[in-house]
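What follows is one structure encoded as structure tokens, with my remarks underneath.
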Amino acid sequence: MADHDSRIVSLSAQQVRDLLCMKDVIRVVESGLANFSKGPDGGVVQPVRSVVKIDKPDGQTGQGFFGVMPAYSADDNILACKIVSFYPGNAKYKKATHMANIMVYDPKYGELKAIMDGEVITAMRTAAASAVATKWLVPKTEEKLVLGILGAGVQARSHYEALKVIYDFSEVRVWSLTMESAMKCADELGGVACLTAEDVVRGADIVVTATFAQTPILKKIWVKPGAHINAVGACRADWSEVDPELMRDSVIYVDSKEAAMKEAGDIIISKADIYAEIGEIVNGSKEVKTDPITVFKSLGLGIEDAVTGKLAYEMYLAKSTKP
Ligand SMILES: NC(=O)C1=CN([C@@H]2O[C@H](COP(=O)(O)OP(=O)(O)OC[C@H]3O[C@@H](n4cnc5c(N)ncnc54)[C@H](O)[C@@H]3O)[C@@H](O)[C@H]2O)C=CC1
Ligand SMILES: O=C(O)C1=NCCCC1
């Protein structure tokens, strides 16, 4: 039997939160996306996630999805796997709609080194991926921007945290299913709650859609030319958040083309052309195109969890070995 260190580090949500800062997560996610989009040259092996649908027709048991997301990066020496469950209906039971754990392994022997909460990482790395896309597609100027957020949950909050690392906002607007949740979220972000999605989107420079909507909530006629949209929800082939016309008439960026063709209803239903993976922009294999509107359709990749999970593990080791 191999001689191995059997100590497995376990990190709670609070520990992960204390170990990570958004600026570092943006940095590692940017590099992970760039390597991912180099194909075999980037040394990343990451299949499209396997998703099991949990659906018992008695109406009593939960209805949701269970996803398994492994990733290996040879360059970064990372092997990890996230397991995530997402149950849109959990909100009514006052439970988190997303629950996750991330396992980090030593790629040399395949030995498990750490198991950690994945909810905080899912919130941070998803927002970090959107921040990377936005940074490359919306040049920072002296001007303060207007941020519009559709949805008032975990991702609404983490997207504000990530985007404010890069931009100064003159206004942050929030809309959601209920005015109460929009007001609570807007209060926390120092923004304003809007009665309609249209009020959020008209005149906004950057728009985030992070809801559980299964049909479009964002209309083309509201979006100003030059705006950028981070479309984060609708991660099923038959769900969409964005008007199909807006998808077809925009320059579309994705995190993974392979995943988008399998999981992104916004792309599959609209038949919009994908211009590039955002990692191809970061690694310089594609040129930036922005006219007239840009959409980053995000689904979430195992490589984003892997690089962030490894970062949390390394931060933990660095802190715990300090004299
Ligand atoms: N692209 C990615 O990497 C990831 C995407 N997601 C997706 O992002 C979305 C938001 O996730 P969280 O903020 O964590 O969820 P959450 O449960 O914390 O918040 C969801 C928000 O959407 C609102 N909402 C629900 N149904 C709606 C509808 N029909 N129309 C308008 N608003 C509606 C809720 O009121 C709530 O404000 C979900 O679709 C989720 O699956 C989540 C994690 C990663
Ligand atoms: O990447 C993730 O993690 C998720 N993506 C889509 C919805 C659930 C979680």
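Worth knowing before you read on, the calculation uses all heavy atoms, side chains too, and leaves out hydrogens, waters and symmetry mates. Residues take their numbers from the sequence shown, with the count starting at 1.
The pair Asp305-Arg125 meets the salt-bridge criterion, since a charged nitrogen lies less than 4.0 angstrom from a carboxylate oxygen. Asp187 and Lys184 are not joined by a salt bridge, as no carboxylate oxygen comes within less than 4.0 angstrom of a charged side-chain nitrogen. Under 4.0 Å is where a charged nitrogen must lie from a carboxylate oxygen, and between Asp249 and Lys220 at least one such pair does. For Asp255 and Lys297, the salt-bridge test fails: no basic side-chain N is under 4.0 Å from an acidic carboxylate O. Salt-bridge formation is detected for the pair Arg49/Glu263: a Lys NZ or Arg NE/NH1/NH2 atom is positioned less than 4.0 Å from an Asp or Glu carboxylate oxygen. No salt bridge links Glu287 with Lys289; every basic N to acidic carboxylate O contact stays at or beyond 4.0 Å.
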- Please assess Thr134 against Phe296 for the test side-chain contact (heavy atoms from CB on, under 4.5 Å), listing each intermediate value before the final yes or no. CA-CA 8 Å; Thr134 314; Phe296 171 54; over 6 Å; no
- Message: For a side-chain contact (heavy atoms from CB on, under 4.5 Å) check, start with the C-alpha distance between Cys21 and Val25, then their side-chain angles and the critical distance, and finish with the verdict.
- Response: CA-CA 6 Å; Cys21 85; Val25 176; over 6 Å; no
- Task: Could you please spell out the steps behind the side-chain contact (heavy atoms from CB on, under 4.5 Å) verdict for Leu150 and Val208?
- Result: CA-CA 6 Å; Leu150 304 182; Val208 175; over 6 Å; no
- Starting from the C-alpha separation in whole Å, work towards a yes-or-no answer on side-chain contact (heavy atoms from CB on, under 4.5 Å) for Leu145 and Val138. CA-CA 10 Å; Leu145 303 181; Val138 182; 4.2 Å; yes
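The number of heavy atoms from other shown groups lying within 6.0 Å of CD (Gln14) is above 12. In this structure, Met179 places its CE atom where more than 12 heavy-atom neighbours from other residues, nucleotides or ligands lie under 6.0 Å away. Other residues, nucleotides and ligands place more than 12 heavy atoms under 6.0 Å from the NZ atom of Lys140. Counted within 6.0 Å of CD on Glu188, heavy atoms from surrounding residues, nucleotides or ligands total more than 12; the atom is thus considered enclosed.
Across every non-hydrogen atom of Val146 and Gly203, the tightest pair is CB-O, 4.1 Å. Contact detail for Ala260 and Ile267: the closest heavy-atom pair is CB-CD1, 4.1 Å. Shown here for Thr126 and Ser298, the closest heavy-atom pair between the two residues is CG2-OG, 4.2 Å. In plain terms, the two heavy atoms of Val307 and Gly32 that are nearest each other are CG1-CA, 4.3 Å. In terms of heavy-atom proximity, Ala131 sits nearest to Ile166 at O-CD1, 3.6 Å. Taking all atoms of both residues into account, the shortest heavy-atom contact from Ala156 to Ala152 is CB-CA, 3.8 Å.
Counted by atom type alone, Glu198 and Trp175 present zero donor-acceptor pairs between their side chains at under 3.5 Å. Side chains of Asn230 and Thr209: no donor on one and acceptor on the other come within 3.5 Å. Remark: the Ser285 side chain and the Asn283 side chain contain an N/O donor-acceptor pair separated by less than 3.5 Å.
Leu79 places none of its side-chain heavy atoms less than 4.5 Å from the side chain of Asp106. For the pair Val154/Glu119, no side-chain contact is recorded, criterion being any heavy-atom separation below 4.5 Å from C-beta on. Val251 has its side chain out of reach of Thr290: every pair of non-hydrogen atoms, C-beta onward, lies at least 4.5 Å apart. Taking the side chain as every heavy atom from C-beta outward, Leu218 and Ile229 approach each other to under 4.5 Å. Residues Val16 and Ile121 form a side-chain contact, since some pair of their non-hydrogen atoms from C-beta on lies under 4.5 Å apart. Contact annotation: the side chain of Lys319 approaches that of Leu19 to within less than 4.5 Å [non-hydrogen atoms, C-beta and beyond]. The closest side-chain heavy-atom distance from Cys194 to Arg173 is below 4.5 Å. Annotation: side chain of Val84 is not in contact with side chain of Met99 (no heavy-atom distance under 4.5 Å).
Under the 4.5 Å side-chain heavy-atom criterion for ILVMFWY residues, no single connected hydrophobic cluster contains both Leu177 and Ile217. Cluster membership for Met116 and Val29, using ILVMFWY side-chain heavy atoms within less than 4.5 angstrom, is shared. Both Val282 and Leu137 are assigned to one and the same hydrophobic cluster, defined by single-linkage of ILVMFWY side chains at heavy-atom distances under 4.5 Å. Leu299 and Met261 sit in two unconnected hydrophobic clusters of ILVMFWY residues. Membership requires side-chain heavy atoms under 4.5 Å apart, directly or through other members. With hydrophobic clusters built from ILVMFWY side chains whose heavy atoms lie under 4.5 angstrom apart, Ile206 shares a cluster with Val232.
A distance of 6.0 Å or more separates the ring centres of His159 and Phe169. Ring centroid separation for the pair Phe65 and Trp239 comes in under the 6.0 Å cut-off.
Of the listed residues (Val242, Asp243, Val295, Leu246), just one forms a side chain to side chain contact (heavy atoms under 4.5 Å, CB included) with Val223, and that residue is Leu246. When each of Thr122, Val132, Leu33 is checked for a side chain to side chain contact (heavy atoms under 4.5 Å, CB included) with Glu304, only Leu33 meets the rule.
A distance of 11.5 Å separates CD1 of Ile293 from CE of Met247, quoted to the nearest 0.5 Å. The CZ atom of Phe212 sits 12.0 Å away from the OH atom of Tyr87 when rounded to the nearest 0.5 Å. Rounding to the nearest 0.5 Å gives a distance of 9.5 Å between CD1 of Ile102 and SG of Cys81. The distance from the OG1 atom of Thr97 to the NZ atom of Lys92 is 12.0 Å, given to the nearest 0.5 Å. Here the OH atom belonging to Tyr72 is positioned 10.5 Å from the CD1 atom belonging to Ile78, to the nearest 0.5 angstrom. To the nearest 0.5 angstrom, Lys113 atom NZ is 8.5 Å from Arg7 atom CZ.
At distances below 3.5 Å, not a single donor-acceptor pair connects side-chain atoms of Asn90 with backbone N or O atoms of Tyr93. The backbone N or O of Leu147 sits nowhere less than 3.5 Å from a side-chain atom of Tyr167 that would complete a donor-acceptor pair. Side chain of Arg27 to backbone of Lys23: no donor-acceptor contact under 3.5 angstrom is found. With hydrogens and angles disregarded, a donor-acceptor distance shorter than 3.5 Å links the side chain of Gln46 to the backbone of Gly302. Panel note: side chain Glu241, backbone Thr211; a donor-acceptor pair is recorded below 3.5 Å. Without hydrogens or angle criteria, Glu314 side chain to Leu311 main chain gives no donor-acceptor distance under 3.5 Å. Formation of a donor-acceptor pair under 3.5 Å by the Ser240 side chain with backbone atoms of Asp266 is not found in this model. Formation of a donor-acceptor pair under 3.5 Å by the Ser37 side chain with backbone atoms of Ala34 is not found in this model. Put simply, the side chain of Arg17 never gets that close to the backbone of Ser12: no donor and acceptor are under 3.5 Å apart.
Geometric assessment of Lys286 against the ring of Tyr275 yields a positive cation-pi assignment under the 6.0 Å and 45° thresholds.
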